[in-house]
Amino acid sequence: MPEKRKDSKGRVLKDGESQRANGTYDYRYTDIHKKRRCIYAKSLTELREKEDEL
């Protein structure tokens with residue numbers, strides 16, 4: 001069974017979420033025109049709030 005991806009603080013990351021080398025977070029998704037987009041945030045909670053706005 002594959003292991004779940006976690007950030008440096010041990011929190012489980014959802015699909016599309018990742019932690020960058022400098023400690024910030026990003027969320028990658030595909031828009032309606034099949035183009036890859038990214039959202040960046042300093043904290044995981046801030047990132048998930050931005051995801052909900054989409």
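Along the sequence shown, residues carry numbers from 1.
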- Does a side-chain N-to-carboxylate-O contact under 4.0 Å join D7 and R11? yes

Roughly how far, to the nearest 0.5 Å, is the [atom2] atom of [Y] from the [atom1] atom of [X]?
X: S43; Y: E49; atom1: OG; atom2: CD; result: 7.5 Å
X: R28; Y: D15; atom1: CZ; atom2: CG; result: 14.5 Å
X: R20; Y: C38; atom1: CZ; atom2: SG; result: 8.0 Å
X: E46; Y: Y25; atom1: CD; atom2: OH; result: 11.5 Å
X: L47; Y: K50; atom1: CG; atom2: NZ; result: 7.5 Å

- Message: More than 12 heavy atoms of other residues, nucleotides or ligands under 6.0 Å from CG of D31: yes or no?
- Response: yes

- Message: Is it the case that the side chain of Q19 and the backbone of S8 share a donor-acceptor pair, with hydrogens and angles ignored and the cut-off at 3.5 Å?
- Response: yes

- Query: Would you say R5's side chain and K14's backbone share a donor-acceptor pair under 3.5 angstrom?
  - Reply: yes

- Task: Check whether L13 and Y40 end up in the same hydrophobic cluster, where Ile, Leu, Val, Met, Phe, Trp and Tyr are linked by side-chain heavy atoms less than 4.5 Å apart.
- Result: no

